[in-house]
Protein chains: 2
Amino acid sequence: MNHKEIIAYLKQKNLRVTPQRVAIYEAICKLNNHPTAENIISFIQVNHPNISIGTVYKVLDSLVENNLIQKVKTENGSMRYDSHLSKHHHLYCIETEKIEDYEDSELDKLINNYFKKKKIKNFQIKDIKLQITGNFK
Amino acid sequence: MNHKEIIAYLKQKNLRVTPQRVAIYEAICKLNNHPTAENIISFIQVNHPNISIGTVYKVLDSLVENNLIQKVKTENGSMRYDSHLSKHHHLYCIETEKIEDYEDSELDKLINNYFKKKKIKNFQIKDIKLQITGNFK
DNA sequence: CTGCGTGCAAATGGTTTGCACTACG
DNA sequence: CGTAGTGCAAACCATTTGCACGCAG
């Protein structure tokens, strides 16, 4: 998604278009693979030296609220952000702490079918996410 | 697991038996359902008024390292502890933030079989955990 | 113009750390 | 007795908040 498209997208979502918002959203798109707030900040500070950390967090929150991005929590507690919106699971690399998206509609179907037959008692399922840990080869 | 058994268990794991350790491990067993460090501290402080927060965290770390308990991270980033060691998944209640264990060897078998056939390219799976979110009825 | 968005700096909160002291084995 | 464990308080670090100013609509 390029600059113009981002601006159009923000407008369409009824968000005020500010240079900071555009930059932050652009950063998340370019920094593929779940950047932390820190990653985003240092990426942006190249072109926006006076953007403030507080602002970044505020913008991230509003992007999450308006469903432009998703928040992913990690093993060590810090948050990561993902511009990839469709339902997906995550691969966690034990060694490098890298996180990658994993989409697999066949697997989703399998699991959904399983829970269609076998309900969990006293619990109504809303969503199922897999955390797959291992190593990239 | 009662007091005596806990002491025996710690010994068997080559851990020094101190009143603090016993109390903390006992607290986690009794406070079924994934207490936070804070939950544990306030539970223990009834009988051990001068136990220190730092100590609790240190003991929790050593119990985790020695495989007496497991660490579970939550949505909001704080850690929870679980004396339940066998492989299991988690049910997250959206409304109450309650976490419950979910064991289902049939499901595990299904998923393992699936990934035996369909490998993820460039990734070697070590473990798979499901986060099932929804509501308790 | 009006109010949302921003920058700054201080506050927060859960967790960690350093160090002198204590007590388990 | 020697060393691992403890208590305390200060440090950490990612994130949040409050407030005055600035800019988008």
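A, B, ... follow the sequence lines: proteins, then strands. Residue 1 opens every chain.
- Relative ring orientation between F136(A) and F123(B) is described as perpendicular, the plane-to-plane angle rising above 60° on a 0-90° scale split at 30° and 60°.
- Residues I53(B) and R21(B) both approach DNA chain D. Their nearest nucleotides, taken by heavy-atom distance, put R21(B) toward the 5′ side.
- With DNA chain C read from its 5' end, the first of the two nearest nucleotides for K11(B) and T36(B) is the one closest to T36(B).
- Taking atom CZ on R80(A) and atom C1' on dT15(D), their separation rounds to 16 Å, with Å as the unit.
- In this structure, the NZ atom of K13(A) is 16 Å from the P atom of dG5(C), given to the nearest Å.
- Between the P atom of dC23(D) and the NE2 atom of H48(A) lies a distance of 15 Å, rounded to the nearest Å.
- In the displayed structure, L15(B) atom CG is contacted under 6.0 Å by more than 12 heavy atoms of other residues, nucleotides or ligands.
- Counting non-hydrogen atoms of other residues, nucleotides and ligands closer than 6.0 Å to NZ of K109(A) gives a total of 12 or fewer.
- Between T55(A) and dG7(C) there is a side-chain polar atom (N or O) within less than 4.0 angstrom of OP1 or OP2.
- Per the geometry, CG belonging to L60(A) stands 14 Å off P belonging to dG5(C), to the nearest Å.
- For the pair N66(B) CG and dA4(D) P, the interatomic distance rounds to 14 Å; values are reported in whole Å.
- Of all nucleotides listed (dG14(C), dG5(D), dG7(C)), dG7(C) comes nearest to the side chain of K58(A).
- For residues 16-38 of chain A, the pairs satisfying ring-ring contact (aromatic ring centres under 6.0 Å, His included) are Y9(A)-Y25(A), H34(A)-H90(A), with sequence neighbours left out.
- No side-chain N or O of S105(B) forms a donor-acceptor pair with one of D108(B) less than 3.5 Å apart.
- Atom CD1 in I51(B) sits about 16 Å away from atom P in dA9(D), given to the nearest Å.
- In this model, the phosphate group of dT6(C) is approached by a side-chain N or O of T18(A) to a distance below 4.0 Å at OP1 or OP2.
- Between Q20(B) and dG7(D) there is a side-chain polar atom (N or O) within less than 4.0 angstrom of OP1 or OP2.
- With distances taken from any side-chain atom of R16(B) to the nucleotides dT16(C), dA24(D), dG5(D), the minimum falls on dG5(D).
- Within the structure, a side-chain polar atom (N or O) of Y57(A) is placed less than 4.0 Å from OP1 or OP2 of dT15(D).
- Residue S78(A) places none of its side-chain N or O atoms closer than 4.0 Å to OP1 or OP2 of dC13(D).
- Note: CG (D61(A)) to C1' (dC4(C)) measures 15 Å, nearest angstrom.
- The interatomic distance linking N14(B) (CG) with dC24(C) (P) rounds to 17 Å, in whole Å.
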